[in-house]
Amino acid sequence: MPWRPAWPVDDHWGTTYRAAGALAGLLSISVSEALARLRAGAFTTGRPLPALAREVLKFRSERPHEEA
């Protein structure tokens, strides 16, 4: 029986990297800096990284898009 970790892996890393991209765009920083900030935020608050990432994505989806 093959190992199929698709949903846990996507929940953790897929959500985290989508949030890092959204945060990078929001703050005009690099994606690696955004990922570092997400990790630091999760560490300092004691929250799981995917939970914080979901919160960032929710905030981004609720925020009105600005005209360029």
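The basis for the numbers below is simple: all heavy atoms, side chains too, and nothing from hydrogens, waters or symmetry mates. Count residues from 1 along the sequence.
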Nearest non-hydrogen partners of T16 and L38, listed with the distance: O-CD1, 3.8 Å

Run the ring pair (Phe, Tyr, Trp, His ring centres under 6.0 Å) test against F59 and tell me which residues pass, sequence neighbours left out. none

Can you tell me how far CH2 of W13 sits from CG of L49, rounded to the nearest 0.5 angstrom? 6.5 Å

What's the shortest heavy-atom distance between V56 and A19, and which atoms? CG1-O, 3.9 Å

With the 4.5 Å side-chain cut-off for hydrophobic clustering, are L35 and L57 part of the same group? no

Intermediate values then yes/no, side chain to side chain contact (heavy atoms under 4.5 Å, CB included), I29 and R37: CA-CA 10 Å; I29 58 176; R37 289 186 186 200; 3.9 Å; yes

Side chain to side chain donor-acceptor pair (under 3.5 Å) partners for R47, two or more places apart: E55

Return the set of residues passing salt bridge (Lys or Arg N to Asp or Glu O under 4.0 Å) with R54 (not counting sequence neighbours), or none when no residue passes. D11

Between A34 and A20, which heavy-atom pair has the shortest distance, and what is it? CB-O, 3.2 Å

